Amino acid sequence: MDNRCINILIGGEAGQGLQTIGFIFSKGLVRSGYSIHVHQTYESRVRGGHNTYSIRAGVQKVLAPQEEIDLLIALNEETIDRHKEDLSSKGFIIGNADLNRKEKNWIGVPFKTFGDEIYWNTAAIGVAGGLLGLDRRILNKVLGEVLGEEKALKNLSVLEAGYQWLASQSFKWDPLPFISNPSPRFLMNGHEAVALGAISSGLKFCAFYPMSPSTSIAQTLIDWSREMDVVVVQAEDEIAAINMAIGASYAGAPSMVPTSGGGFALMVEAVSLAAISETPVVIVIAQRPGPATGLATRTEQGELLFVLHAGHGEFPRAIFAPGSIEECFYLTRKAFELSEKYQGPMFILTDHFIADSYRDIEPIPVETLSSIRPGLDPNEIESPYLRYRITESGISPRLLPGLSKHLVVADSHEHTEDGHMTENLSIRPKMVDKRLRKGQGLRSEVIPPTFIGEPESEILFVCWGSSRGSVEEVATLLSSSGTKASMLHFSQVWPMIPEQFLHYLEEAKQVISVESNATGQIAHLIRRETGFLIKKRILRYDGLPITPQYIMRHLKER
Amino acid sequence: MDNRCINILIGGEAGQGLQTIGFIFSKGLVRSGYSIHVHQTYESRVRGGHNTYSIRAGVQKVLAPQEEIDLLIALNEETIDRHKEDLSSKGFIIGNADLNRKEKNWIGVPFKTFGDEIYWNTAAIGVAGGLLGLDRRILNKVLGEVLGEEKALKNLSVLEAGYQWLASQSFKWDPLPFISNPSPRFLMNGHEAVALGAISSGLKFCAFYPMSPSTSIAQTLIDWSREMDVVVVQAEDEIAAINMAIGASYAGAPSMVPTSGGGFALMVEAVSLAAISETPVVIVIAQRPGPATGLATRTEQGELLFVLHAGHGEFPRAIFAPGSIEECFYLTRKAFELSEKYQGPMFILTDHFIADSYRDIEPIPVETLSSIRPGLDPNEIESPYLRYRITESGISPRLLPGLSKHLVVADSHEHTEDGHMTENLSIRPKMVDKRLRKGQGLRSEVIPPTFIGEPESEILFVCWGSSRGSVEEVATLLSSSGTKASMLHFSQVWPMIPEQFLHYLEEAKQVISVESNATGQIAHLIRRETGFLIKKRILRYDGLPITPQYIMRHLKER
Amino acid sequence: MVTLKDYGEYKTAWCPGCGNFPLLRALKLALVKKGLEPHQILIVSGIGQAAKTPHYLNANVFNGLHGRSLPVALGAKLANPNLIVIAESGDGCMYGEGGNHFLGAIRRNIDITVIVHNNQVYGLTKGQASPTSEEGFVTKAQPDGVFETPFNPLAIAVAMHAGFVARGFVGMEDHLVETIVQGIDHPGFSLIDILQPCVSFNRVNTFKWYRERCIPLPSSYDPYDWEKAMKVAVQWGKEIPIGVIYKNDRPSYEKHFSALKKGPLVRQKVDLSKLKKIMETYA
Amino acid sequence: MVTLKDYGEYKTAWCPGCGNFPLLRALKLALVKKGLEPHQILIVSGIGQAAKTPHYLNANVFNGLHGRSLPVALGAKLANPNLIVIAESGDGCMYGEGGNHFLGAIRRNIDITVIVHNNQVYGLTKGQASPTSEEGFVTKAQPDGVFETPFNPLAIAVAMHAGFVARGFVGMEDHLVETIVQGIDHPGFSLIDILQPCVSFNRVNTFKWYRERCIPLPSSYDPYDWEKAMKVAVQWGKEIPIGVIYKNDRPSYEKHFSALKKGPLVRQKVDLSKLKKIMETYA
Ligand SMILES: Cc1ncc(C[n+]2csc(CCOP(=O)(O)OP(=O)(O)O)c2C)c(N)n1
Ligand SMILES: Cc1ncc(C[n+]2csc(CCOP(=O)(O)OP(=O)(O)O)c2C)c(N)n1
Ligand code: SF4
Ligand code: SF4
Ligand SMILES: [Mg+2]
Ligand SMILES: [Mg+2]
């Protein structure tokens, strides 16, 4: 099988329509049967600055971003100056002919002849489509779907002009093999998958306060809220958002709050409320570099330990960290299920990188999936109804208020079984134990980390969340070039069950953790839970995602 | 030396003046030369319910509360019913004669003959004073000081009546030895010591939102604010409180915010702000049982890991957990010094138990202490002034705004050295590293845990914060009865330097951690930092403090 | 027939003589008057003496965090608009810690009834000034008296064109019951600020003090007149007007959501066939 | 002599044509007019497009968290009342996330000047509705239009008897400069809500839209008349009054603290001999 990839970077200013054409081109590639992986970078501004949209495409599953650029589509001159160093030896640069660049693989396109400046981006992908040998009918169709018929009309002719101009030239490009009858795939980014996973599992309510990079989850829910009968409320602040979600969930609507580190910091008190009141709620923390405002539009994996310990008082929780689009979908579902079953806050850690990373996935057969139905049947409840009945599993009977004569009393104080506040100190440890017992149930349902590779390898890479793809690629690469390497990826970072993975760590010659943060958080956590010390750590904290190349560079360094 | 202790418990309803007479009696005992230790319990209400004020007194330093009661002063009948089980074999009960109790050591006092009900509490301590052989002139004086002359007048005669009535009776009590010419001692509780320590080190600003048990710190500052020229602001919420403190500190006023777990949860975002803006601020978290509202007036040590990881993004910090009144004073000073030197948030963990626990301490020679002066001399700064200059220590030159022509630019984004926000990603890791390097400095100044006992002991108890006294007492007790036992107490819980203590853990036959929480947080932390697993844990989480008796019971249990 | 008995009788943790007792009674009387059964009602509270109220009567209860009763109430109402939702807490909880949610709830005009026990002090935390404490009010924590001008919830609510704005006084039971009934009846956000003496920490604004000042608005008073309402809302001092000060009929928040037109969220299943179609748009 | 140059000229991250440019210019002009030097000034901001402003002129700067500029400004002012403190941020920051601090700051009447860039939208996060967005305003996040009634900062500030309440419009430079100067001059809390078109996300409230409506208050207007001010504050629509709407002379917050009577905290040493005496009361 052909395992080549090509990496296309589109660069320009905010406001030049990068994301739109990047998306259209991505969709064109997927419809043509290629696997793709998108990585976007942008600044914290609405116009100007320098943004990029990178698409890596291949015949086999593309797992990770790539630093080397095979095709640089420059919507402005700055793009060329910034990225030409990264151009591969056979790489091309597509740009405005007027720039008159002297680079050897310069494709100067006479954009001016195609129309107004606002159409140049479309022209550029026409040229690129031609170069890559993409069926222009596919791009035409996608353009129409994405822009809407009216807007597409003018763009279609420009796209065509791009194709034709390219055809009139004689640039040599070794295209990806043509794929006939490609099977249909979805093109989805991480946050769309989270939102759709949530809806599929029964989400009925979302409250949010806008914050990059979490807003896209709420936005996706809003986009489908009318079709799917979901209520989405933009709250006055994050504290309101999570308290609304808790209120809605108490009353029976499965609820989620998407936010980022700074917004989550404001929710910490309510996390504790969800825990003691035993109210299900799913919280997504879309990570970005901190502390405080940090780098609002960049990526990091800095909140693992923060989220693990967030909330005053002690209570169990589960934390997921999806490493793929599929995991974004399915782990969100799992979070909802656990949240309902164990009646408390459950967490999903995404980040800027995976949030915006469009990838192709196998179509998800949603119609076969189950969705949760909150609460028990009130007819099966014995009187007196005790909201916080002490049980062996720690799980108490949850009813919804107003649906029966039973009164549902939920409380933030320590309480008796009937939900009323108490100062009886002999009840306290029983209730603490009851809540903590739910942790045992959570432990019994932990998704083990994914191990890829052979046991007893030279190098075992340990990673979590969004860095999975890059690590997997490196492990495969090393193995195929003679160094036995493997990967252990945590898509559920808490609870941690040593028996599920400790042997991998102990068997490997060298264990290296790979994380997008500066202190090595998963390594700390593994140490605490298993005693195993991971000495070598490859860390990245400049706001960019971990790439296969970054790992390779740091492997060599020492 | 006489190492006997007597334990006096005063019980009654909220509103019966327990705290006042308890305090007066405590002060009387200290003035008489005894060492004392106070433990208070109360409910989350203003009138009614059941409260206690226990004073344990002895000739030698009293370290901990005691469960067995030697003298029960019952301001109502409920007190007798609740506590008579705990009476020691020779213990007495002082109560209203009309109750006509049949207990063998019942001292029925004809309170009615002394005056109105509101004076009965004073009468009771008169009787108790007589029983204990306290010099009545001492109690008289304290009464006057505490109540003010006017109010004292009537009380004095009641006190006198109590003494006289007792003298007319023939109860046998083996009093503590009389101490002639006692050296002066201070009577202080943990939060008074925190507040006074803060003032001594230079505190000029405090913002707070009332929350038990932290309010008493702010209240003590308010009480002395006019004398000591301190500004205390009651904020609209905790978020405002900490942001005010950060603003004040930025502008040059050493600042503190006292709060409890739930209030601190709301401050988490601003902790992160203090870190990236590199603004000194001292945060006191007075712990109480959670989650959420939990038990508002009880004690717990449940926030160690929460506070350690609070705040999004990664940055260094120090966390103190005073185990004595002296440590409350001196560690608060240390927190201020580190906060100013390393320019960031520093933390103090107290709890309800130590907050309210009055104890006698050696007078503190405040006049010999140094206090911090924020910021550098602007004349010694080279231009251009760079607020976040990258230095080897990570510590950048801090100037105060408005005091010179230099402009002081502080920022919550990632920033360049001059404080302006940047999206230049090559600066980011340098700034992260700079901030984290301050952690090395913090590590070099860590106060090692206190080890008491002999190395290679049978049992080594590991504890932190307020449970020190009880653990120390148990260790001494065991050692004196043949089992070599020792204590390792962390008064600074972060950073943790394994070299300072790991050998103690490794040398001991058995290591037992003792904590007021349900999950064993210091044990987790030690595991993470050293790999050492503490298997046996004595935990208490019913809202009451760890007592020597509690430890002994749980030692025997298994 | 619902009677007072259905709402139960509980031991409280309040001080003897506290204004919360008559308030609790008035609330029960209002619910009985409305013929509502306990299970139809959800009372959401924060933290404070006032916020303990829902523990002292039969109802569905969510007793959450200090300052956060309103967002919880809003979430619950949106999940199930069939619930009669009452948010109940103290002046510190609603106007201090919860100030931002107060503004948000007014703007949304969601159909909940907000009952504020306004004792002009922080009761549970033992007597610090609250947002509604008067200027100069001396407490242990404010030994030089309060420096701030008091928060006037009614003036703010009227200025923001809140749906229903009323003041009650616990010392006038019938009037208070009637006001609460009207608040519940009003299909939108209803604020009822209730003067509730704290006998332990507020020695200024006592039963007597309020009784001497509280004057019901005349029956001729038109609560739809915004300009007049604004003037009435700022009245405080010798005469304190009580009753429904302002009112309007704008539609309540939950009416806007298309999802809720099909009934409460809590009864709706996920339509997976619709979702399948949506998923296909990602192909 | 201070000149515009002293305040510098910086590259910004704003969109071309944004209303923030004239606002920044007016601010600089006002500071120059007042003869203030950059180091005498502290500008505290939150997060948003507006909140970037202090990075674009010379001054002491504390650029803190979204919604939290006011408490930081208050703390700084109390630490050093000699500083001229300006809190500057967007409508979302000041009235949304920061709503509770807005109420608190008004009640305290601390001597800071609050400059709100009111573009009636969340700019930096790409166009969601803000608290001041009008009812029905359609955005990507509010596809059915805004359901809430807009937050009227002026009405609330006047209702609360704020020290100084004004509205400006970036399209009227001289008037705006004068308003900012007056705000800085006012010895107490000064709110200046400034209409600032967002050319990227607010296609309704454009330069043209505001220009057609903004009408300066006549010189005969008496800002001390609360009742009239209340009516002016709620005016919005065909005519939008700009200028100083309301004003009073109550003493500013920092004047109340005895510690500050001896000068700024930042210059005060701890008097350890006094503390020694205090310690002795614990004996
Ligand atoms: C986040 C948080 N901050 C502070 C507290 C402490 N607290 C409990 S009740 C209360 C004030 C109560 O005042 P109010 O709301 O007026 O009720 P009242 O007791 O007067 O009825 C405070 C500050 C808390 N529980 N949570
Ligand atoms: C706690 C927190 N929540 C959310 C955000 C994300 N955020 C940044 S700016 C902004 C809104 C900006 O709107 P506005 O204050 O009106 O300023 P503008 O950009 O319109 O000038 C938001 C929601 C944040 N930085 N911090
Ligand atoms: S403190 Fe005040 S409000 Fe609280 S119960 Fe007592 S009297 Fe009532
Ligand atoms: S998004 Fe709007 S407010 Fe922000 S810079 Fe652009 S035009 Fe100005
Ligand atoms: Mg109150
Ligand atoms: Mg705005």
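Computed from a predicted structure; not experimentally measured. Protein chains get the first letters and strands the later ones, always in sequence-line order, with residue 1 at the start of each. When reading the values below, keep in mind they use all heavy atoms of this one structure, side chains included, and skip hydrogens, waters and symmetry mates.
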Problem set entry | Under 4.5 Å from a heavy atom of chain A, the part of C:Asn82 involved | neither
For this session: Under 4.5 Å heavy-atom distance to chain C, tell me which part of A:Tyr385 shows up: side chain, backbone, both or neither.
Result: neither
For this session: Please flag which part of A:Val409 lies under 4.5 Å from any non-hydrogen atom of chain C: side chain, backbone, both or neither.
Result: both
Problem set entry | Residues of residues 47-58 of chain C within contact distance of chain A, non-hydrogen under 4.5 Å | C:Ile47, C:Lys52, C:Pro54, C:His55, C:Tyr56, C:Asn58
Exercise. Where on A:Ser277 is there a heavy atom nearer than 4.5 Å to chain C: the side chain, the backbone, both, or neither?
Worked result: side chain
Problem set entry | Region of A:Thr279 that comes under 4.5 Å of a non-hydrogen atom in chain C | side chain
For this session: Please determine, among C:Val85, C:Val270, C:Val72, the option with the most heavy-atom pairs under 4.5 Å with chain A.
Result: C:Val72
For this session: Heavy-atom distances under 4.5 Å only: say whether A:Pro401 touches chain C with side chain, backbone, both or neither.
Result: both
Problem set entry | Partners meeting ring-ring contact (aromatic ring centres under 6.0 Å, His included) with A:Tyr388 (sequence neighbours left out) | A:His415
Exercise. Any Lys/Arg nitrogen of A:Glu367 or C:Lys276 sitting under 4.0 Å from an Asp/Glu carboxylate oxygen of the other?
Worked result: yes
For this session: Using non-hydrogen atoms and a 4.5 Å limit, figure out which bit of A:Ala241 sits close to chain C: side chain, backbone, both or neither.
Result: neither
Exercise. Does the pair A:Leu196 and C:Leu275 meet the rule for a side-chain contact (heavy atoms from CB on, under 4.5 Å), with working shown?
Worked result: CA-CA 8 Å; A:Leu196 294 164; C:Leu275 183 59; 4.2 Å; yes
For this session: Could you label the plane-to-plane angle of the A:Tyr250 and C:Phe62 rings as parallel, tilted or perpendicular, counting under 30° as parallel and over 60° as perpendicular?
Result: perpendicular
For this session: Check whether A:Arg31 gets within reach of chain C through its side chain, its backbone, both or neither, counting any heavy atom under 4.5 Å.
Result: side chain
Exercise. With only heavy atoms counted, which part of A:Ala245 is less than 4.5 Å from chain C, the side chain, the backbone, both or neither?
Worked result: neither
For this session: Check the pair C:His101 / A:Met244 against side-chain contact (heavy atoms from CB on, under 4.5 Å), numbers first and verdict last.
Result: CA-CA 11 Å; C:His101 313 308; A:Met244 286 175 185; over 6 Å; no
Seminar exercise, completed: Among C:Ile41, C:Val61, C:Asp271, C:Leu272, the residue with the most heavy-atom pairs under 4.5 Å to chain A is C:Val61
Exercise. Looking at C:Leu74, C:Val266, C:Leu65, which has the largest count of heavy-atom pairs under 4.5 Å with chain A?
Worked result: C:Leu65
Problem set entry | Most contacts with chain A, counted as non-hydrogen pairs under 4.5 angstrom, among C:Pro264, C:Ser45, C:Gly64, C:Gly98 | C:Gly64
Exercise. In terms of heavy-atom pairs under 4.5 Å with chain A, which of C:Glu37, C:Arg68, C:Lys274 leads?
Worked result: C:Arg68
Exercise. Which atoms of A:Glu192 come close to chain C, meaning under 4.5 Å heavy atom to heavy atom: side chain ones, backbone ones, both, or neither?
Worked result: side chain
